[in-house]
Amino acid sequence: MFDLAGKIAVVTGGSRGIGRATSIALAEAGAFVLVNYRSNEEAAKETLRLIEGAGGQGELLPFDVADPGAVDRAIQGAVERHGRIDILVNNAGISIDQLLLRVSSKDLEMTWATNVGGAVYCAKACIRPMMRNKWGRIVNVSSVVAESGNPGQVAYSASKAALLGITRTLAREYASRGITVNAVAPGFIETDMTFDLSEAAKQKIIDQTPLGRIGRPEEVAAAVVFLASEEASYITGQVVRVNGGMYV
Ligand code: NAI
């Protein structure tokens, strides 16, 4: 439906879950997808196989988003190979769930370094190549809990709310350069991140979701592809909520 032919896209945390579905969907729309992963090379290779199986193209781009030097080296190398970066999806994220009384400074630091630092480092590395082309799309993967809050997720919800601030600020900073910056805020999506929840906890979430079910990674990916497309050219600084109506 949306044509991303000729575009070079980077998807962080592309080895599984929402990142994998997004990598495949962008490739199906015609983009060449650089699939980032940190440690699980086998899973990232499987994403690449699925991209190629769907008739798309891409390559692996390993780096730790929390390491600014590694981010710069990897993105610079990608720009040298491909001449451009058009689309950045800041999807990599971790959640360390603890009630306030149990949350440690290490939990906070790790969450911040990955979810917030990672997004800023990647945006910083990609923004110059985007400015050169006077075109760019940055999509940050936030979360419903950034806006609704959730007991036990003080570190995670703070980091995902920070991503909304980053989205709005970068949208204003780079609008004049032809670069849009938006966020998607998924609700409860069936991935490894949510796999460990008990059946009772899952049922409680379903009961709070007007559409009455858990979401699929492909349903988040579809929103990312739209925001990355030419058709979304007048949308910037916005949050697209993909949450089954859980938070309206
Ligand atoms: P996931 O745990 O399956 O995927 C997260 C990905 O990020 C993994 O591939 C992981 O290796 C990668 N990653 C983590 N730290 C990294 C680092 N330092 N450098 C590079 N890659 C790193 O989880 P899922 O569900 O696919 O999550 C994707 C994004 O969506 C995350 O940002 C998450 O917070 C967000 N999200 C997920 C929801 C859900 O219900 N599954 C709901 C709302 C937001």
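Just so you know, ligand 1 is whichever comes first in the structure, and atom 1 is the first atom listed for that ligand. If you're wondering where the values come from, they're calculated on a predicted model, not measured in any experiment.
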From the candidates K160, E190, R16, R20, the one that places a heavy atom nearest atom 2 (O) of ligand 1: R16

Test side-chain contact (heavy atoms from CB on, under 4.5 Å) applied to F2 and E231, step by step: CA-CA 8 Å; F2 301 109; E231 284 79 354; 3.5 Å; yes

M110, R38, M193: member with heavy atom nearest to atom 16 (C) of ligand 1: R38

When you compare ligand 1 with V65, is there at least one nitrogen or oxygen pair between them that comes in under 3.5 angstrom? yes

Are any of the N/O atoms in T194 less than 3.5 Å from those in ligand 1? no

For ligand 1, which atoms sit closer than 4.0 Å to a heavy atom of F63? 19 (N), 20 (C)

Looking only at protein heavy atoms, which one is nearest to atom 38 (C) of ligand 1, and what is the separation? G187 O, 3.9 Å

Can an N or O of I189 be found at a distance shorter than 3.5 Å from an N or O of ligand 1? yes

Taking C-beta and beyond as the side chain, do N140 and V181 meet within less than 4.5 Å on heavy atoms? yes

Closer than 4.0 Å to some heavy atom of D64 - which atoms of ligand 1 meet that? 17 (C), 18 (N), 19 (N)

Consider only side-chain N and O atoms of Q153 and D97, and report whether a donor and an acceptor are under 3.5 Å apart. yes

Closest protein heavy atom to atom 44 (C) of ligand 1, given as residue, atom name and distance to 0.1 Å: S142 O, 3.1 Å

In terms of atom number and element, which parts of ligand 1 are under 4.0 angstrom from non-hydrogen atoms of S15? 9 (O)

Which of the atoms in ligand 1, numbered in the order shown and given with their element, are less than 4.0 Å from a heavy-atom of F188? 40 (O)

Is it the case that the side chain of T169 and the backbone of I166 share a donor-acceptor pair, with hydrogens and angles ignored and the cut-off at 3.5 Å? no

Could you check whether any side-chain N or O of S159 sits under 3.5 Å from a backbone N or O of N115, counting only pairs where one atom can act as donor and the other as acceptor? no

Which of the atoms of ligand 1 are close to G17, meaning less than 4.0 Å from one of its heavy atoms? 26 (O)

Per-atom contacts, ligand 1 versus N36 - under 4.0 Å to a heavy atom: 20 (C), 21 (N)

Location of contacts on I94 toward ligand 1, heavy atoms closer than 4.0 Å: side chain

Closest protein heavy atom to atom 28 (C) of ligand 1, given as residue, atom name and distance to 0.1 Å: N91 OD1, 3.1 Å

Tell me the protein heavy atom at minimum distance from atom 21 (N) of ligand 1, and give that distance in Å. A92 CB, 3.6 Å

Between S157 and N150, is there a donor-acceptor pair closer than 3.5 Å when you use the side chain of the first and the backbone of the second? no

Give a yes or no answer on whether the side chain of N91 reaches the backbone of T12 with a donor-acceptor pair at less than 3.5 Å. yes

Quick check: closest heavy atoms across I85 and A78, and the distance to 0.1 Å? CD1-CB, 4.2 Å

Locate the shortest heavy-atom distance separating Y37 from A44; write the atom from each residue and the value. CD2-CB, 3.4 Å

Note, E190 side chain near K202 side chain (heavy atom, < 4.5 Å): yes

The option among G13, G93, A43 carrying the non-hydrogen atom nearest to atom 14 (C) of ligand 1 is G93

For atom 26 (O) of ligand 1, what's the nearest protein heavy atom and its distance? I18 N, 2.9 Å

For ligand 1, is there an N or O atom under 3.5 Å from any N or O atom of P186? no

For V141, counting its heavy atoms only, list the atoms of ligand 1 lying under 4.0 Å from any of them. 29 (C), 30 (O), 35 (C)

Shortest non-hydrogen contact from H82 to L34? NE2-CD2, 3.8 Å

How does Y156 reach ligand 1, if at all, at less than 4.0 Å between non-hydrogen atoms: by side chain, backbone, both, or neither? side chain

Could you check atom 25 (O) of ligand 1 against the protein and tell me its nearest heavy-atom contact, residue, atom and distance included? T191 OG1, 2.5 Å

Nearest non-hydrogen partners of V141 and P186, listed with the distance: CG1-CG, 4.0 Å

Please confirm whether the backbone N or O of L227 pairs with a side-chain atom of N182, one donor and one acceptor, at under 3.5 Å? no

